[in-house]
*Asks:* 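Below is the structure I would like to discuss, written out as structure tokens.
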Amino acid sequence: MGRFAQWRGMVWAQGQRLRVGLLGPEPPDDVSESSDDVAEPPPSLNRLDALVEGFAAGQPVRWTVAGQPRPLPGPVDVVAYRIIEESLTNACRHAPGAAVAVRLRYDPTGITIEVRDEGTGPAPSGGGSGRGLLGVRRRAERLGGTLSAGPRAGGGFLVRAVLPAPEEMAE
């Protein structure tokens with residue numbers, strides 16, 4: 001987790017650029033029913049450590065960052081977070097207890113996200129509608145990116161997304 005802590009510190013040092021207005025027409029998640037009007041912070045890779053820790057409580061999750069991390073444009077940051085969130089949710093649902101690896105790779109043209117689990121069998125059919133992966137695939141495509149998901153040879157499941165975020169886009 002040392003590299004991620006470094007990355008997070010660098011992103012925080014660059015300053016928070018995300019504002020709710022940058023997130024587009026997506027409805028807010030987990031709307032609280034309490035009388036507090038405290039808004040949840042927007043989804044962001046800045047909060048990835050908390051997301052991973054939440055899933056790691058019941059499942060071993062390992063993650064790595066490659067390349068030179070940098071702040072991403074707001075919509076790309078949100079979609080990257082959502083892809084990882086949906087992938088971890090599916091791993092918990094379809095491969096409970098199996099090891100999961102999350103990899104972020106930055107390059108000059110964007111970011112590649114890979115989430116793979118080491119499940120022993122195919123994902124159960126008929127258990128869900130598949131709308132989660134379809135939803136994040138559509139979000140990636142709206143940004144000009146791609147997302148593929150499917151069983152891995154030898155077992156497990158892989159979600160791979162490539163999102164455009166040229167270095168000059170990050171301010």
Side-chain angles (χ1 to χ4, degrees), residues 4 7-8 10-11 14 16-30 40-52 54-55 59 61-95 98 100-119 122-125 127-153 156-171:
F4 182 73
W7 172 81
R8 188 180 66 215
M10 184 182 78
V11 170
Q14 293 291 328
Q16 291 284 357
R17 314 188 285 34
L18 292 178
R19 299 290 177 257
V20 174
L22 293 175
L23 300 180
E26 299 292 333
D29 293 327
D30 304 326
E40 264 298 299
S44 169
L45 291 180
N46 291 334
R47 298 177 52 221
L48 187 58
D49 57 340
L51 176 66
V52 169
F55 282 94
Q59 193 152 2
V61 179
R62 173 179 55 90
W63 56 290
T64 59
V65 177
Q68 183 60 45
R70 65 182 181 278
L72 299 170
V76 175
D77 191 27
V78 171
V79 170
Y81 179 92
R82 291 293 188 211
I83 289 167
I84 295 167
E85 179 181 48
E86 180 62 26
S87 299
L88 290 173
T89 298
N90 285 344
C92 285
R93 183 177 299 134
H94 300 299
V100 179
V102 178
R103 181 172 186 223
L104 302 175
R105 189 180 74 233
Y106 291 83
D107 63 45
T109 61
I111 184 169
T112 301
I113 301 159
E114 291 183 349
V115 181
R116 72 174 191 272
D117 71 59
E118 302 296 330
S125 60
S129 64
R131 290 185 180 165
L133 284 176
L134 181 60
V136 291
R137 176 178 286 125
R138 287 181 180 157
R139 288 178 181 192
E141 289 171 351
R142 275 187 259 158
L143 294 172
T146 61
L147 185 138
S148 60
R152 296 182 327 124
F157 198 82
L158 172 67
V159 176
R160 184 175 193 276
V162 178
L163 302 176
E167 287 178 338
E168 59 272 8
M169 286 180 67
E171 297 176 4

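Just the heavy atoms: all of them, side chains too, but no hydrogens, waters or symmetry mates, feed the values below.
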*Asks:* Is the shortest heavy-atom distance from the side chain of N90 to the side chain of F157 under 4.5 Å?
*Replies:*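 No. Closest side-chain heavy atoms not under 4.5 Å.
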
*Asks:* Measuring from L134:CG to R139:CZ, what's the distance to the nearest 0.5 Å?
*Replies:*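 Answer for the CG-CZ pair, L134 versus R139, is 11.5 Å.
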
*Asks:* Less than 4.5 Å apart, side chain to side chain, heavy atoms only: is that true for L51 and Y81?
*Replies:*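 Yes, close enough: below the 4.5 Å cut-off.
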
*Asks:* To the nearest 0.5 Å, how far apart are CG in L163 and OG1 in T146?
*Replies:*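 If we round to the nearest 0.5 Å, L163:CG and T146:OG1 are 7.5 Å apart.
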
*Asks:* Should V102 and L88 count as side-chain neighbours, where that means a heavy-atom distance under 4.5 Å?
*Replies:*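 Yes; the side chains approach each other to less than 4.5 Å.
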
*Asks:* Do P41 and R47 have side chains that get closer than 4.5 Å, going by heavy atoms?
*Replies:*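 They are in side-chain contact.
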
*Asks:* Is it the case that over 12 heavy atoms from other parts of the model lie below 6.0 angstrom from the CZ atom of R138?
*Replies:*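 Not buried by this count: 12 neighbours or fewer within 6.0 Å.
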
*Asks:* Taking all heavy atoms of P164 and all of V76, pick out the closest pair and write down the distance.
*Replies:*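 The pair with the smallest heavy-atom distance is O-CG2, 3.5 Å.
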
*Asks:* Under a 3.5 Å distance rule, please check whether D77 uses its side chain to pair with a backbone N or O of L45 as donor and acceptor.
*Replies:*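 At least one qualifying donor-acceptor pair exists.
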
*Asks:* Evaluate the side-chain proximity of L48 to L104: yes if any heavy-atom separation is below 4.5 Å, no if none is.
*Replies:*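 Heavy-atom side-chain distance check passes, below 4.5 Å.
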
*Asks:* Can you name the closest pair of heavy atoms from P73 and A165 and give their distance?
*Replies:*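 In terms of heavy atoms, the two residues are closest at CD-CB, 3.9 Å.
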
*Asks:* Any donor-acceptor pair under 3.5 Å linking the side chain of R116 with the backbone of R152?
*Replies:*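 Such a contact is absent between R116 side chain and R152 backbone.
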
*Asks:* How many angstroms lie between CD1 in I84 and OG1 in T89, if you round to the nearest 0.5 Å?
*Replies:*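 Between atom CD1 of I84 and atom OG1 of T89 there are 11.5 Å.
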
*Asks:* Nearest 0.5 Å, what's the CG-CD distance between D107 and Q68?
*Replies:*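 Reported value, rounded in 0.5 Å steps: 12.0 Å.
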
*Asks:* Can you check whether R70's main-chain N or O pairs, donor with acceptor, with E167's side chain at less than 3.5 Å?
*Replies:*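 No, E167 side chain to R70 backbone: no donor-acceptor pair under 3.5 Å.
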
*Asks:* Scan V100, I83, V61 and name whichever one has a side chain to side chain contact (heavy atoms under 4.5 Å, CB included) with V115.
*Replies:*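 By the side chain to side chain contact (heavy atoms under 4.5 Å, CB included) criterion, V115 pairs with just one of V100, I83, V61: V100.
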
*Asks:* What are the two closest heavy atoms between R103 and A66, and how far apart are they?
*Replies:*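 In this case the closest contact between R103 and A66 is NH2-CB, 3.8 Å.
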
*Asks:* Distance from S148 atom OG to L158 atom CG, nearest 0.5 Å?
*Replies:*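 The CG atom of L158 is 6.5 Å from OG of S148, to the nearest 0.5 Å.
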
*Asks:* Determine whether a donor-acceptor pair (N or O, by modelled atom type, separation under 3.5 Å) exists between the side chain of E118 and the backbone of G156.
*Replies:*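 Not a single qualifying donor-acceptor pair exists.
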
*Asks:* First locate atom CG of D117, then atom NE2 of H94, and finally report the distance between them rounded to the nearest 0.5 Å.
*Replies:*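 Reported to 0.5 Å precision, the distance equals 9.5 Å.
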
*Asks:* Is any side-chain heavy atom of E141 closer than 4.5 Å to a side-chain heavy atom of L147?
*Replies:*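 Not in contact.
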
